[in-house]
Amino acid sequence: MGLTKQYLRYVASAVFGLIGSQKGNIVFVTLRGEKGRYVAVPACEHVFIWDLRKGEKILILQGLKQEVTCLCPSPDGLHLAVGYEDGSVRIFSLLSGEGNVTFNGHKAAITILKYDQLGGRLVSGSKDTDVIVWDVINESGLYRLKGHKDAVTQALFLREKNLLVTSGKDTMVKWWDLDTQHCFKTLVGHRTEVWGLVLVSEEKRLITGASDSELRAWDILYLQEVEDLEEPKPKKVKECSPRMQDSLVAEDDALELDETPEDRILSCRKAGSIMREGRDRVVNLAVDKTGRILACHGTDCVLEVFCILSKEEVQKKMEKKMKKARKKAKLNSCKGEEEDLEISVEMTLRDEIQRVTNIKTSAKIKSFDMIHSPQGELKAVFLLQNNLVELYSLNASLPTPQPIRTSRITIGGHRSDVRTLSFSSDNIAVLSAAADSIKIWNRSTLQCIRTMNCEYALCSFFVPGDRQVVIGTKTGKLQLYDLASGNLLETIDAHDGALWSMCLSPDQRGFVTGGADKSVKFWDFELVKDEKSTQKRLSVKQTRMLQLDEDVLCVRYSPNQKLLAVSLLDCTVKIFYVDTLKFFLSLYGHKLPVICMDISYDGALIATGSADRNVKIWGLDFGDCHKSLFAHDDSVMYLQFVPKSHLFFTAGKDHKIKQWDADKFEHIQTLEGHHQEIWCLAVSPSGDYVVSSSHDKSLRLWERTREPLILEEEREMQREAEYEESVAKEDQPAVPGEAQGDSYFTGRKTIETVKAAERIMEAIELYREETAKMKEHQAICKAAGKEVPLPINPILMAYGNISPSAYVLEIFKGIKSSELEESLLVLPFSYVPDILKLFNEFIQLGSDVELLCRCLFFLLRIHFGQITSNQMLVPVIEKLKETTISKVRQVQDVIGFNMAGLDYLKRECEAKSEVMFFAEATTQLEEKKRKRKKREKLILTLT
């Protein structure tokens, strides 16, 4: 067998030029104990943490492939939950930057993530209409709530009751009782999608934002608080256990027998609405942590800020109103009439929720977050549509508050899509140019060194010497910039239409341009005297012109500077002699115009990429088509040869970059990473780096490694990846008694859960084999009358000579907590009897009781029918019952003992320091008990 041609692999090196992606939301995060200084923003598949004070990126939370769609920081500020496009949720530690926990349960993009007050539970809502509640501490799913008919837009835990409220694009707001996991109330007062939802006024009021300019307010009445009117209302308890709440609900239900069944827990009545200034839909509606400031924005660049007044402030306001009304009444009343007039003033919603001001940003708002400091200052941070982050501060306590922009992050990216890229001759500097600016980046540090304003750029290159750059614009101008000073040296009107393409001549003395005015122009560099200084400066002069019949889309010189290739709007490529400008060849065959092309270093081949999605490779000697390749699933936008080789890269609107071999016509590798169409790419002069730009606003750097790439292996890996994807898309396993597709469990079948199930099956099979071998060995020893050495399984030896049953336990311990249930669900029933017998052994030994009970109860739930009908398993289940109950009691006793010990230590500490810990909670509990007794007495006397 001959040697295969060796290729080197290119890998993703970095994402830069991006400040924040549009799909997710911006959030304040606490780092190093500082609040209001750091923000987390989605950046394609990663999350960037920016320091607002310095404008620097200080941490990158690395994603995998999918785009980030949602962010939510934990209440303790140590973690950040990140939701992705494919429905997975990862929890990152902000201290280490690592994502240790992954939850897979949704089939579509995550739209909302929210923690409960203590940070122990996390709720996720998705475009697949499901709501899932996850246990963050145990790293597992608790339950899935089905009921919405369209994407979930918001979900909130209530602080004091075990309830959840969610809103969706199906116009519904649903209330869920998490004790029984069912929806007990649906608000149907909206005619359009509900986009936002907040709880204010100590969770006594709900405010919703829909597709109109109204913010609707709903009064919530918790029925365990509906009491006899003679009794003063009790203070709300900040924290109380679910058991205590249940008892309260039960007591109050006895009182409220005449209520409608769905109003047992709470009743919701519309209180009115606040009019927004914006006429479009509410995009985001939020309230700060103190519950004092309410803010919302639509699809424009205005954030409307409202203040929610406290009871005392409302009382004062009403007293003032009353005084005014009395004065007015006195004036109106005739002198002779009696003075005592009954005056009533109604309290409206406007008295309770007051408009503060509007914050106008420099571009459309995509998302925002805010922090309200105790001093009354409000900090609002915005992620804008044009790849920009802005921070505003506002003092809401002033009579006429004025928002002040305190900082913005702009240098790290362009405001619009980058349309052209080029490398400097030393491979160090990268130029990117967009509709309004040119940026020069240092390739190794990825820092932006220079930013220069320009017109809408379409093509660019570094002038030999790397001290100046030339830009071709959409209006047909050539712009010449000096890099050292960042000044625009000269603007020349080169073409009447867009200047689509430029190519530096191989002798480096001039360049050629092609434009939409159907002409190709030749230019030479020259030094001219500068009016402003004594030195000469660089300029360009036109030497020749070639007039054609069609718009010119792309121009390229052959390396020996003898030929010029010109791509035209009539789908052909014409080759001309440079010296005489005479016609030489016409390359025709593309069905749509050729957008990009390149000629190889030796001038033997020309490759053309077209909007018809094909790449054609031609010989430049006779103009014969060597091969036509179906390259991309959409237009081929850019094509460039790797220097000193016949390999070339293509970039397409299908979000992919592909590398090809022009000699063997082979597809070598695909570079996936961009999430939108790719506009252009540039290969460095050394061929070691590729940089690409896309509509997702990101620039990506790809680096050539020393790792050889073997095509057969690459194809094999591709097939494996396709298989793994298809596994995740297969029908989800159904539990007996459930219809296919009705997933009661929170997990989702992924390639990881399938692999975990396979590991369990392999471990059980190994256990069976080893047990059979042990029996054989004992029989051999008996027959021989002496001890014969037993061959040890190499797997068990690798685990430190453990027993086969202990190996099974190790495998169970090794499965991620979030994937455990789903792995057991995939497991065939034939393995379950062995697992149950092994569990009995393990639980008797008292090892990992919690984990084993979780697995055991799950298996009993899903295989209940088969286990109960199997006579062989009856004694096993009986034994399990005894051992499990006793061992769980032991664990409970240990926990109870530890709790008592901690309680004792707390009392000791309190006695020493004479400070009451947790005193407030205890007194509130006593207060509640006292009031309940009082109420009971009242009821007795009434009856």
Side-chain angles (χ1 to χ4, degrees), residues 12-27 29 39-50 57 59-73 80-92 97 99 101-113 124-128 130 151-153 283-284 364-367 369 383-389 412-414 416-418 633-634 651-657 670-679 692-702 721 724-725 728-729 748 750-751:
S13 167
V15 177
F16 64 107
L18 180 66
I19 290 166
S21 299
Q22 312 297 306
K23 278 195 175 173
N25 58 312
I26 189 168
V27 290
V29 289
V39 288
V41 291
C44 292
E45 68 272 31
H46 306 307
V47 176
F48 290 166
I49 311 284
W50 291 93
K57 193 189 303 174
L59 184 63
I60 298 176
L61 306 179
Q62 296 282 345
L64 300 168
K65 264 188 184 178
Q66 302 291 335
E67 254 184 304
V68 174
T69 57
C70 188
L71 300 177
C72 179
L80 182 71
V82 182
Y84 293 90
E85 184 84 343
D86 63 344
S88 62
V89 177
R90 284 176 78 193
I91 296 176
F92 287 89
V101 185
T102 306
F103 295 132
N104 283 309
H106 293 286
K107 297 188 193 73
I110 302 288
T111 51
I112 185 68
L113 288 171
S124 63
S126 161
K127 283 185 179 174
D128 65 5
D130 288 356
V152 180
T153 55
V283 176
N284 284 306
K364 282 186 181 177
I365 304 169
K366 278 292 168 189
S367 68
D369 194 17
L383 175 61
L384 305 179
Q385 192 187 25
N386 60 350
N387 193 25
L388 195 62
V389 168
H414 289 276
S416 54
D417 294 1
V418 170
D633 297 330
D634 207 333
K653 276 191 173 179
D654 61 353
H655 318 173
K656 292 185 178 76
I657 297 169
T670 302
L671 304 178
E672 288 189 61
H674 282 295
H675 299 284
Q676 301 279 338
E677 49 266 40
I678 300 167
W679 298 125
S692 56
S693 85
S694 158
H695 184 47
D696 62 16
K697 301 270 196 306
S698 72
L699 300 174
R700 282 170 195 264
L701 183 68
W702 315 83
E724 287 183 6
E725 263 183 43
K729 283 176 184 167
R748 181 169 67 95
T750 61
I751 194 68

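Nearest heavy atoms, Ile678 versus Ala651: CG2-CB, 3.7 Å. Residues Lys65 and His675 approach most closely at O-CE1, 3.0 Å, considering heavy atoms. When all heavy atoms are compared, the tightest approach of Gly24 to Ser367 is O-OG, 4.0 Å. Taking each heavy atom of Gly673 and Glu45 in turn, the nearest pair found is O-OE1, 4.2 Å. The two residues Ile49 and Ala40 make their nearest non-hydrogen contact at CD1-CB, 3.6 Å. The nearest pair of heavy atoms linking Ser124 to Val89 is CB-CG2, 4.4 Å.
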Intermediate values then yes/no, side chain to side chain contact (heavy atoms under 4.5 Å, CB included), Ser88 and Gln66: CA-CA 9 Å; Ser88 62; Gln66 302 291 335; 5.7 Å; no

Stepwise side chain to side chain contact (heavy atoms under 4.5 Å, CB included) check, Val41 with Trp50: CA-CA 8 Å; Val41 291; Trp50 291 93; 3.4 Å; yes

Side chain to side chain contact (heavy atoms under 4.5 Å, CB included) between Glu672 and His655, worked out: CA-CA 7 Å; Glu672 288 189 61; His655 318 173; over 6 Å; no

Leu80 vs Leu61, side chain to side chain contact (heavy atoms under 4.5 Å, CB included): CA-CA, chis, key distance, verdict: CA-CA 10 Å; Leu80 182 71; Leu61 306 179; 3.6 Å; yes

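Thr102 contributes no side-chain N or O that, together with a main-chain N or O of Arg90, makes up a donor-acceptor pair within less than 3.5 Å. A donor-acceptor contact shorter than 3.5 Å is absent between the side chain of Asp369 and the backbone of Val27. Looking only at distances, no side-chain donor or acceptor of Asp696 sits under 3.5 Å from a matching main-chain atom of Ser21. Looking at Asn25, its side chain does come within 3.5 Å of a backbone N or O of Leu71 through a donor-acceptor pair. Side-chain N or O atoms of Gln22 include one that pairs as donor or acceptor with a backbone N or O of Gln385 at under 3.5 Å. Of the possible polar contacts, none joining the Ser126 side chain to the Gly87 backbone as a donor-acceptor pair under 3.5 Å is found. Although no hydrogens or angles enter the test, the distance criterion places no donor-acceptor pair under 3.5 Å between the side chain of Asn104 and the main chain of Arg748. With hydrogens and angles disregarded, no donor-acceptor distance shorter than 3.5 Å links the side chain of Ser698 to the backbone of Leu18.
Ion pairing between a basic and an acidic side chain is recognised when a charged N comes within 4.0 Å of a carboxylate O; Glu85 and Lys23 show such pairing.
Partners of Thr111 according to the side-chain hydrogen bond (donor to acceptor under 3.5 Å, both in side chains) rule, which considers only residues two or more places apart in sequence or in another chain, do not exist here. Judged as a side-chain hydrogen bond (donor to acceptor under 3.5 Å, both in side chains), and not counting sequence neighbours, Lys656 has no contacts. Residues satisfying the side-chain hydrogen bond (donor to acceptor under 3.5 Å, both in side chains) test with Asn284, not counting sequence neighbours, are His297.
Counting only heavy atoms from C-beta outward, the side chains of His414 and Lys697 never approach each other to under 4.5 Å. Counting heavy atoms from C-beta outward, Tyr84 and Val68 have side chains that approach closer than 4.5 Å.
Annotation: the span from Asp128 atom CG to Lys107 atom NZ amounts to 6.0 Å, rounded to 0.5 Å. Distance check, rounded to the nearest 0.5 Å: CD of Gln62 to CG of Leu59 gives 9.5 Å. Atoms CD1 and CD1, from Ile365 and Ile26 in turn, are 11.5 Å apart once rounded to the nearest 0.5 Å. Interatomic distance, CG of Asn386 versus CG of Leu384, reported as 5.5 Å (0.5 Å rounding). With values rounded to the nearest 0.5 angstrom, Lys57 atom NZ is found 4.5 Å from Ile60 atom CD1. Here CG of Leu701 is found 8.5 Å from OG of Ser692. Values are rounded to the nearest 0.5 Å.
Of the N and O atoms on the side chains of Trp679 and Ser694, not one donor lies less than 3.5 Å from an acceptor on the other residue.
The aromatic rings of His46 and Phe48 sit parallel to each other, their planes meeting at less than 30°, with 60° as the upper class boundary.
Environment of NZ in Lys364: sparse, with no more than 12 heavy atoms of neighbouring residues, nucleotides or ligands closer than 6.0 Å.
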